[in-house]
Engineer: 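Take this structure first; my questions come after.
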Amino acid sequence: MSQTPMITVAMPIFNAGQYLRAAVLSIVRQTYQDWELLLIDDGSTDQALESIRDICDSRIHIQQDGRNKGLATRLNEAIDMARGRYFARMDQDDVSYPERFAKQVAMLERDPQLDLLGVRAAKISMDDRSVGNLPFMQTHEQICARPWLGFYLPHPTWMGRIEWFRRHRYASPAPYLCEDQELLLRSHADSRFATLPEVLFAYRVRDHIQPGKQLRIRWSVLKMQLRHFWSVGDVWSALLSLSVFLARVARDGIASCLFTRSMVSGRSPIGKGEEMQWAEVHAGLADDANRREAE
């Protein structure tokens with residue numbers, strides 16, 4: 001293994017709770033081993049880092065300064081610290097499948113024009129049940145076809161060239177809980193994106209979301225989109241983004257009147273093989289955790 005890793009993995013954490021251990025172990029269990037993991041604590045108070053103290057791996061670097069700066073700021077710090085040729089994202093409560101890094105690196109090596117690559121993601125519940133798949137777009141043209149609707153490129157699955165991240169960086173201050181969409185909107189015109197069609201990631205969805213929080217996210221996205229579209233003189237896209245905002249807010253309101261809004265309701269199509277794939281990954285993580293606890 002080289003002194004300079006091929007991949008820098010950025011995982012800012014804030015009160016990660018019981019899910020952090022599985023997230024970290026899913027990186028340790030990658031078949032592609034030439035990486036470093038930057039765990040940047042953003043002022044947590046839940047002592048979640050204690051759950052991984054027994055995972056002794058020199059590739060894991062923990063940064064703590066006791067301050068709460070926000071995700072976008074921490075990601076920019078990770079970009080500055082990164083030593084890898086590629087920069088990968090990982091969230092504190094998700095799970096990367098063992099082949100994720102190997103297949104992303106292989107694709108990025110094959111296509112030098114590709115800046116940013118995601119993977120297809122399954123959805124898992126708070127109690128680790130498979131509940132469907134996230135929406136999926138494979139090519140750059142598909143991902144960027146309707147920017148007023150957003151970009152289907154799940155943030156925690158990203159891997160890209162470090163030069164791309166250093167050229168674009170995350171906005172600071174970041175828009176509320178949509179820093180990834182802001183970055184994609186700002187950069188898509190002169191970048192190339194893609195998604196691997198194989199499910200290589202498990203994205204954890206909340207059982208419920210507060211209506212006020214959902215509205216604040218939608219408002220943040222709208223303001224970000226309007227600002228961008230007006231700046232490039234795209235009035236039609238600005239109007240479309242406003243229409244999408246109104247439609248989504250109306251849908252949210254109807255849903256909240258009919259039932260408590262669930263983030264895992266409305267199963268997306270998922271094959272039996274994909275359910276078995278998640279069961280195998282989940283069992284492997286449990287076996288690894290049990291073995292480490294026994295040592």
Engineer: Does the pair Arg186/Glu182 count as a salt bridge with the N-to-O cut at 4.0 Å?
Structural biologist: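 Between Glu182 and Arg186 there is a salt bridge, with a charged N closer than 4.0 Å to a carboxylate O.
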Engineer: Do the non-hydrogen side-chain atoms of Asp93 and Leu20 ever get within less than 4.5 Å of each other?
Structural biologist: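 A side-chain contact under 4.5 Å is absent here.
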Engineer: Just by modelled atom types, is the Gly118 backbone N or O under 3.5 Å from a matching donor or acceptor in the Thr157 side chain?
Structural biologist: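 Not confirmed, Thr157 side chain does not pair with Gly118 backbone.
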Engineer: Can we say Asp80 and Arg169 salt-bridge, meaning some charged N sits less than 4.0 Å from an Asp/Glu carboxylate O?
Structural biologist: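 Salt bridge flag = yes for Arg169 with Asp80.
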Engineer: Counting only heavy atoms not in Tyr203, do more than 12 sit closer than 6.0 Å to its OH atom?
Structural biologist: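 No - once you tally the heavy atoms of other residues, nucleotides and ligands closer than 6.0 Å, there are 12 at most.
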Engineer: Look at the rings of Trp158 and Trp164 and say which category their plane angle falls in: under 30° parallel, 30 to 60° tilted, over 60° perpendicular.
Structural biologist: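 Judged by the thresholds at 30° and 60°, the geometry between Trp158 and Trp164 is perpendicular.
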Engineer: Can you list every pair that meets salt bridge (Lys or Arg N to Asp or Glu O under 4.0 Å) and has a residue in residues 105-116, with sequence neighbours left out?
Structural biologist: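 Residue pairs passing salt bridge (Lys or Arg N to Asp or Glu O under 4.0 Å), neighbours aside: Arg85-Glu109.
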Engineer: Given Asp41, which of Met11, Gln63, Gln64 fulfils the side-chain contact (heavy atoms from CB on, under 4.5 Å) condition?
Structural biologist: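 So the option named by the test is Gln64.
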Engineer: Is it true that, when you exclude Met81 itself, more than 12 heavy atoms of the residues, nucleotides or ligands shown sit nearer than 6.0 Å to its CE?
Structural biologist: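 Count over threshold, so yes.
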Engineer: According to the salt bridge (Lys or Arg N to Asp or Glu O under 4.0 Å) rule, which pairs have a member within residues 135-161, sequence neighbours left out?
Structural biologist: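 Residue pairs with at least one partner in residues 135-161: Glu141-Arg192.
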Engineer: Using 0.5 Å steps for rounding, measure from the CG atom of Asn76 to the CZ atom of Phe165.
Structural biologist: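 It is 10.5 Å, given to the nearest 0.5 Å.
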Engineer: Pick out which of Leu134, Ile124, Val281, Val119 makes a side-chain contact (heavy atoms from CB on, under 4.5 Å) with Phe201.
Structural biologist: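 Of Leu134, Ile124, Val281, Val119, side-chain contact (heavy atoms from CB on, under 4.5 Å) with Phe201 is met by Val119 alone.
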Engineer: Could you tell me if the ring centre of Phe151 sits under 6.0 Å from that of His188?
Structural biologist: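 Close enough - the centres of the two rings lie under 6.0 Å apart.
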Engineer: Within 45° of the six-membered ring axis of Phe245 and under 6.0 Å from that ring's centre, is NZ or CZ of Arg218 located there?
Structural biologist: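 That pair does not qualify as a cation-pi contact.
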Engineer: Measure from the ring center of His168 to the ring center of Phe87 and say whether it is less than 6.0 Å.
Structural biologist: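 Ring-ring flag for His168/Phe87: false, centres at least 6.0 Å apart.
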Engineer: Is there a side-chain contact (heavy atoms from CB on, under 4.5 Å) between Leu185 and Gln225 once you walk through the steps?
Structural biologist: CA-CA 8 Å; Leu185 182 61; Gln225 290 176 332; 4.1 Å; yes
Engineer: Is it true that Asp94 and Arg89 have a side-chain N and a carboxylate O under 4.0 angstrom from each other?
Structural biologist: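 Salt bridge between Asp94 and Arg89, a charged N being under 4.0 Å from a carboxylate O: no.
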Engineer: Do other residues, nucleotides or ligands put more than 12 heavy atoms under 6.0 Å from the CZ atom of Phe14?
Structural biologist: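 Yes, because the 6.0 Å sphere around CZ of Phe14 holds more than 12 heavy atoms from other groups.
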Engineer: May I ask you to say whether Glu198 pairs ionically with Lys103, meaning some side-chain N is under 4.0 Å from a carboxylate O?
Structural biologist: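 Judged by the 4.0 Å cut-off on N to carboxylate O distance, Glu198 and Lys103 do form a salt bridge.
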Engineer: Give a yes or no on whether a salt bridge exists between Lys69 and Asp42, defined as a side-chain N under 4.0 angstrom from a carboxylate O.
Structural biologist: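 No, Lys69 and Asp42 are not salt-bridged.
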Engineer: Working to the nearest 0.5 angstrom, can you tell me the gap between Thr8 OG1 and Tyr86 OH?
Structural biologist: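 OH of Tyr86 is found 12.5 Å from OG1 of Thr8.
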Engineer: Going by an N to O cut-off under 4.0 Å, is there a salt bridge joining Asp65 and Arg74?
Structural biologist: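 Answer for the salt bridge query: yes.
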Engineer: Mind checking what makes salt bridge (charged side-chain N to carboxylate O under 4.0 Å, His left out) contact with Asp234, not counting sequence neighbours?
Structural biologist: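 Expected list: none.
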